[in-house]
Amino acid sequence: MGRAERQGIRVDVEYVRREKSRLSKEIVAKMKQLKNSTFYIEWEKAQGKEVNLNSVPQLSNYLYNVKGLEPYKTTETGQGSVDEEAITNLNIPELMDIIRIRKLKKIRDTYLDQFGREQVNGVIHPFFNLHLVRTYRSSSDSPNFQNIPKRDEEAMNIVRKALYPRPGHQLLEVDYGNLEVRIGACYHKDPNMIKYIKDPKTDMHRDMMAQIFKLEYDGSDEHKYLRSAAKNGFVFPQFYGDYYVNNAKDMACKWGELPNGVWKDDLGVSIGDITLGRHLREQGLKSIKSFEKHLEKIQYDFWDNRFPEYASWKQRWWEVYKRRGFVDMLTGFRCYGVLSRNDATNYPIQGSAFHCLLWSFIRIDDILSGNHYIPLQIPLRVWKSKLIGQIHDAIILDVHPDELQAVAEMVHIITTKELPKAWDWINVPLEVDAELCPVDGSWAEKEKYKLVA
DNA sequence: GGAACTCGCCAC
DNA sequence: AAACGTGGCGAGTTCC
């Protein structure tokens, strides 16, 4: 990991400077426009002094105390929330401008600023800490290389266009697929989960989508969307220890839309020519309450029938922790201290999943730096290609095009074949996906790449 | 003037 | 009966 830190990642300093000033111009223009609105003028009047558009307490106070609006949700400390979800639901156009400004400032002040500040001769050297995280995962700082925008298209493009390989090289990213789910299976050994992992014809999220939304998955874009709703709104939260009441509320708010506990025909996700809310109503799930009851049954089915071994492992593992005060991970580390019921099962899975990545990272480093002892058909030499970073279940390399083929094969062998050989407790196949950027292309330009033909 | 806090938001 | 896991970081705010 130290070698990757020293290697670093190239930053286009001139681009960062230009992009920051472009963002600043848009932020200033947006603020100017906002300051002319009656919403802002009334806010300023109530405030009695100049309004700070970045101040969360000021906005919360104005919306919920001065104007007396009903908060859509509250924060941990009971204050009216002003996060994106909460203020979007107030249906005030000016608040959309605040969301836009926040997003642009996030890109400028959190990411581009960090790159400019931390770069040395056009290279950043993020730290990858191995000693700070309770679960034995890693963390990264100065700058944090592990939270660079990915899902939001605009933010992803702006930020990742700043990061480059060395001249004549290309960036390669190799991700383990569903690593935590697979490593979880090594602990609980649930046969149904193992079947989902091993049999490519099966798909757990597709099955859950059908059950939750009462729809047979047909592969359409709308169904793909609902599949990810089931995955991120129910399955993963359940794995982490959440329960159906939260799941129902989150899913209904995000995908169905029901301000008064009843589905609205004109709001929410559409499937075919009707909305999800309408579809659920036609299926007899008339309100949020009935959807919650529906999810309650699904939760019991999920743990009692679909993954009973997983459920009993969770139970046993918690009993072990209560008796001994610690749990041991398959990778030899011990989780101790005050753990909640969820912690006692989440920590070992999360930690040993990362250790799989770390083992692979170290072995790849051995080979690239010419020190390897693994009996592979790979000549001993120092490679031009280098490891430059890691994001929990992904490895990022800076590859010379002449070595691409060899690197791809080697990484594939290490991550999916050598690792399970080294650790016999790995009882499920491991898979990796890869993405490749063009030669001299930025990290924004990555495209799917097959490691093995 | 800095530490500690809250809040929002990015990643896995 | 319970009531989602791990981080880093920026900005505003309050306290000492």
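Treat the numbers as computed from the prediction; the structure is a model and nothing was measured. Chain letters run A, B, ... following the sequence lines, proteins first, then strands; residues in each count from 1.
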Roughly how many Å is it from [atom1] in [X] to [atom2] in [N], rounded to a whole number?
X       : N       : atom1 : atom2 : answer
I27(A)  : dG10(C) : CD1   : C1'   : 13 Å
R134(A) : dG8(C)  : CZ    : C1'   : 17 Å
N144(A) : dG8(B)  : CG    : P     : 21 Å
Y240(A) : dG7(C)  : OH    : P     : 13 Å
I98(A)  : dG12(C) : CD1   : P     : 13 Å
N232(A) : dC10(B) : CG    : P     : 15 Å

Can you see if the side chain of [X] gets near the phosphate of [N] - specifically, an N or O under 4.0 Å from OP1 or OP2?
X       : N       : result
R102(A) : dC9(B)  : yes
S140(A) : dA11(B) : no
K103(A) : dG8(B)  : no
R151(A) : dA11(B) : yes
T75(A)  : dC7(B)  : yes
Q58(A)  : dT13(C) : yes
R117(A) : dG10(C) : yes
S81(A)  : dG8(B)  : yes
Y347(A) : dT6(C)  : yes

Hey, are [X] and [Y] close enough for a salt bridge, meaning a charged N less than 4.0 Å from a carboxylate O?
X       : Y       : answer
K189(A) : E309(A) : no
D398(A) : K386(A) : no
R227(A) : D203(A) : yes

Considering only heavy atoms and no angle criterion, is a donor-acceptor pair shorter than 3.5 Å present between the side chain of K106(A) and the base of dC10(B)?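 No, no donor-acceptor pair under 3.5 Å.
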Please determine, for the side chain of [X], which listed nucleotide ([options]) has the closest atom?
X       : options                  : result
R137(A) : dC7(B), dG7(C), dC12(B)  : dC12(B)
T110(A) : dG10(C), dT13(C), dG5(C) : dG10(C)
Q114(A) : dA3(C), dG12(C), dG10(C) : dG10(C)
N346(A) : dA2(C), dT13(C), dG5(C)  : dG5(C)
D141(A) : dC12(B), dG8(C), dT6(C)  : dG8(C)
D83(A)  : dT6(C), dA3(C), dC9(B)   : dC9(B)
Q350(A) : dG5(C), dG8(B), dG8(C)   : dG5(C)
N147(A) : dG12(C), dG8(C), dT6(C)  : dG8(C)
S139(A) : dT13(C), dC4(C), dG7(C)  : dG7(C)

Under 4.0 Å, heavy atoms only, any strand: does [X] hit a base, just the sugar-phosphate, or nothing?
X       : value
D343(A) : sugar-phosphate
P237(A) : base
E84(A)  : sugar-phosphate

May I have all residue pairs that pass side-chain hydrogen bond (donor to acceptor under 3.5 Å, both in side chains) and include part of residues 9-21 of chain A, sequence neighbours excluded?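 Counting only pairs at least two positions apart or across chains, the side-chain hydrogen bond (donor to acceptor under 3.5 Å, both in side chains) contacts touching residues 9-21 of chain A are E14(A)-R17(A), E19(A)-R22(A), K20(A)-D113(A).
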By nearest-nucleotide position on DNA chain C, the 5'-leaning member of S142(A) and V133(A) is V133(A)
Ring centres under 6.0 Å, that's the criterion: do F213(A) and H294(A) meet it?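 No, the ring centres sit 6.0 Å or more apart.
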How many angstroms lie between atom NZ of K293(A) and atom OH of Y244(A), to the nearest 0.5 angstrom? 6.0 Å
Mind checking whether V399(A) and L171(A) have side chains closer than 4.5 Å, heavy atoms only?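 A side-chain contact is absent here, since even the closest heavy-atom pair is not under 4.5 Å.
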